[in-house]
Every structure is written in structure tokens, then in C-alpha cells.
Amino acid sequence: MERIAWLPEKTQALIEETSTALKKALGRTLEATLLVGNAMNPARPDRARGPEILAFTEGARAPDLVQLSRSLHDPMMKGARVRVLTHRELDRSCDVFALEISEWKARHLLLSGRDVLAKLTVDAYDLRHGLETELRGLSRRIRNRLLTALATDGRLRLLNDPLPSR
């Protein structure tokens, strides 16, 4: 694995350990491993915590999770996060997971295999739909949290004004 300048050696060693465990467990069915998430953003203060590794497998069936979990026990106990997707799942996810896949495409590091993201296309419609879904959900969560804070003893103070007493 090439050195990643913005990650400490300990995090890079964990990424390497995780990649090796994936190769051992999945063998020839492992199509690619990629580093994504916080570790790919040098400006993030949490870039060295919990590196996220995507493992893409060939075929339509997910691997045996019990066997895979045994191989990944040590690296995951140290904080590595692993996601396993079949190639078929990836191909069929560009609409439903448009935002996530766009983020992966924009910022990832190929650890092994071939870049399975290179040929994927995310449509503008799916991106807009994903953004709208996220924003509507955020709006509802904010409104409901504000309501809860205002209606309970966990009172939220707005603009330093005390809430009227009851």
C-alpha cells in the first residue's frame, strides 16, 4: 500500500491489516478494496479514527459473514470499519444511494484490485432526489428536537431568552 501522507502510521497499519484480512478471507472472490470516508479528507480532525474500507466481491451472493467476521475480528476491534458489497449490489445502487456513491467516486483510494467505481454513473435526478430526501429528513429532525426541548424540562434557550414559566 502506498503511504498516505495525512494519516498517522498507526492508522495506515490498521488499513493494511484490514486489507490483508479481507484478501485472506475472500480470496479470489475479492474484486477490490477501497479506502473511503473520513480518512480520505486531510482536513478532517477525525481522519485517523475508524478508517472505512469497502470490499467488493464478485458474484451476486454476499460472502459467509461468520467466516469473514473471524478474519476481521482483530482489525475491527482496533476500530477499522468494513463494508462488503457484491458487484451486483453496487451496480444496482446508483439510484438509491446516489449521494454515498458520488462521495465514494469523488474521494477514494484503491487499495487492491480494480477501481470498480470508475465506470459507475450517478444521474443528476438521483442526486437531486437524494439531497431532497436528506434535507427533508433533517428539517423534520430539527423541528421534532426543538419541540421536545421546548415541551420538556430539557428546555432549549433561544437567543439567550429564558422560556416563560408555566
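From a predicted model like this one, the values you see are computed outputs, not experimental measurements.
Evaluation of the salt bridge (charged side-chain N to carboxylate O under 4.0 Å, His left out) rule for Arg92 yields no partner, not counting sequence neighbours. Listed by chain and number, the residues in a side-chain hydrogen bond (donor to acceptor under 3.5 Å, both in side chains) with Arg3 are Glu9 (sequence neighbours excluded). Applying the side-chain hydrogen bond (donor to acceptor under 3.5 Å, both in side chains) criterion to Glu16, with sequence neighbours excluded, gives no partner residue. Glu132 pairs by the side-chain hydrogen bond (donor to acceptor under 3.5 Å, both in side chains) definition with Arg128, Arg136, not counting sequence neighbours. Residues passing the side-chain hydrogen bond (donor to acceptor under 3.5 Å, both in side chains) test with Gln12, sequence neighbours excluded: none. Partners of Arg141 under the side-chain contact (heavy atoms from CB on, under 4.5 Å) rule, at least two apart in sequence or in another chain, are Leu138.
The closest side-chain donor-acceptor pair between Thr33 and Ser112 falls under 3.5 angstrom.
Between atom CG of residue Asp64 and atom OG of residue Ser69 there is a gap of 8.0 Å, rounded to the nearest 0.5 Å. Taking NZ of Lys105 as the reference point, atom SG of Cys94 lies at 7.5 Å (rounded to 0.5 Å).
In the hydrophobic clustering (ILVMFWY side chains linked at under 4.5 Å, chained through shared members), Leu110 is joined by Leu34, Val36, Leu54, Phe56, Leu85, Leu90, Val96, Phe97, Leu99, Ile101, Trp104, Val116, Leu117, Leu120, Val122, Leu127, Leu131.
Applying the salt bridge (charged side-chain N to carboxylate O under 4.0 Å, His left out) test to pairs two or more places apart or on separate chains, those with a residue in residues 39-51 are Arg44-Asp46. For residues 70-83, the pairs satisfying side chain to side chain donor-acceptor pair (under 3.5 Å) are Glu17-Lys78, Glu52-Arg81, Glu52-Arg83, Arg83-Glu100, with sequence neighbours left out. Pairs of residues two or more places apart, or lying in two chains, that qualify as salt bridge (charged side-chain N to carboxylate O under 4.0 Å, His left out) and include a residue from residues 19-33 are Glu31-Arg114. Sorted by first and then second residue, the side chain to side chain donor-acceptor pair (under 3.5 Å) pairs with a member in residues 115-126 read His108-Asp115; sequence neighbours excluded.
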